[in-house]
Structure formats: C-alpha cells, structure tokens
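Computed over heavy atoms, backbone and side chain alike; hydrogens, waters and symmetry mates excluded.
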Amino acid sequence: MIHQIDTTDNVAAFRALAEVTKEDFQRVVVPAVEKLVKQLNEINFLLVLDTDLENFTAGAWLQDAMIGLKHLGKWNRAAIVSDSEEIISFTNGFSYIVPGEFKGFKKLEFNKALNWVEGNI
C-alpha cells in the first residue's frame with residue numbers, strides 16, 4: 001500500500017508499506033504526479049520505503065516504469081528514503097542515466113531528503 005505524505009505543493013511524496021500493487025500506483029501515485037506535471041511542468045518526488053522491494057508486485061513495477069518513461073524529461077528531483085545501501089547506491093546512480101537529480105537517503109535523514117526534494121537545500 002502507498003500513502004501520500006503531506007508536503008509543499010511542488011512535491012509528490014509517498015510512503016510504501018507492506019505489499020505495493022499496480023492499483024496503489026494508479027490510485028495514489030499517478031494522479032499526484034500528473035497534477036505536478038500539469039501545474040509545474042516538472043516532478044519533485046519522494047518515496048519512503050517502509051517495505052522490502054520484494055513486496056512490490058510486477059504490476060507496481062510496471063506502473064512505476066511507465067510513470068518514469070511517460071514524463072522522462074520532467075524529472076527535477078527524486079529522493080528515495082531507505083536503509084538499504086543497495087537501494088541508495090542504485091538511486092544515486094540513476095542521475096547518470098536519466099534527466100533530473102536522483103538521491104538516496106537513510107531513514108534517519110528523512111527531513112534532509114524532504115528539504116532537498118522541496119529545493120530548500
């Protein structure tokens with residue numbers, strides 16, 4: 001399941017818990033991202049992973065990829081918050097592959113991640 005996190009109007013922020021499905025992405029993530037693109041013509045994104053990646057269904061991964069590809073040139077900043085070194089390293093490397101800045105943060109750095117995505121750092 002994915003819950004939206006309240007933040008500033010220039011950020012779509014989410015917390016992933018337990019199993020994450022295609023329907024979660026369609027119901028929660030897609031509308032928020034589409035709203036940002038329509039309003040700001042860019043995406044500032046934060047995802048807190050409070051579940052293991054194995055809990056993302058294949059449909060969830062597909063929805064995630066489709067959002068990324070559909071708005072490839074719109075990504076400004078994306079932060080992934082996790083205590084997994086592998087996820088943080090993967091996220092940090094993503095900036096070399098696609099437009100925008102991607103950065104991984106530890107869970108204790110949540111406020112820093114949010115400030116960075118909001119553009120306050």
Side-chain touch [X]/[Y], heavy atoms, less than 4.5 angstrom:
X      : Y      : value
Ile2   : Val29  : yes
Asn44  : Glu118 : no
Asn41  : Lys74  : yes
Thr51  : Glu19  : no
Phe102 : Ile97  : no
Ile43  : Val37  : yes

- Task: Return yes when atom CG of Asp9 has more than 12 non-hydrogen atoms of other residues, nucleotides or ligands closer than 6.0 Å, and no otherwise.
- Result: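 Count not over threshold, so no.
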- Greater than 12 external heavy atoms within 6.0 Å of Lys107's NZ: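 Atom NZ in Lys107 is packed in, count exceeds 12.
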- Query: So, Asn92 versus Ser89: side-chain donor-acceptor pair below 3.5 Å or not?
  - Reply: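 No - no donor-acceptor pair under 3.5 Å links their side chains.
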Please give me the minimum heavy-atom distance between [X] and [Y], naming the atom from each residue.
X      : Y     : result
Ala113 : Val81 : CB-CG2, 3.7 Å
Val117 : Ala78 : CG2-C, 4.3 Å
Gln4   : Ala32 : NE2-CB, 3.6 Å

Are [Y] and [X] connected into the same hydrophobic cluster when the rule is that any two of I, L, V, M, F, W, Y join if their side-chain heavy atoms are below 4.5 Å apart?
X     : Y     : result
Leu53 : Met1  : no
Val28 : Phe45 : yes
Phe90 : Ile88 : no

Nearest-0.5 Å distance that lies between atom [atom1] in [X] and atom [atom2] in [Y]:
X      : Y      : atom1 : atom2 : answer
Asn111 : Phe105 : CG    : CZ    : 11.0 Å
Leu46  : Thr7   : CG    : OG1   : 7.5 Å
Leu40  : Asn76  : CG    : CG    : 9.5 Å
Ile80  : Leu47  : CD1   : CG    : 4.5 Å
Asp83  : Leu108 : CG    : CG    : 6.5 Å
Phe14  : Asp50  : CZ    : CG    : 15.0 Å

- Query: Sequence neighbours excluded, which residues qualify as ring-ring contact (aromatic ring centres under 6.0 Å, His included) partners of Phe110?
  - Reply: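 Phe110 satisfies ring-ring contact (aromatic ring centres under 6.0 Å, His included) with no other residue.
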- Message: Quick check against the 3.5 Å criterion: does Arg77 have a side-chain atom that pairs as donor or acceptor with the backbone of Trp116?
- Response: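 Yes; at least one donor-acceptor contact below 3.5 Å.
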- Message: Looking at Asp24 and Thr21, would you say the former's side chain and the latter's main chain have a donor-acceptor pair under 3.5 Å?
- Response: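 Such a contact is found between Asp24 side chain and Thr21 backbone.
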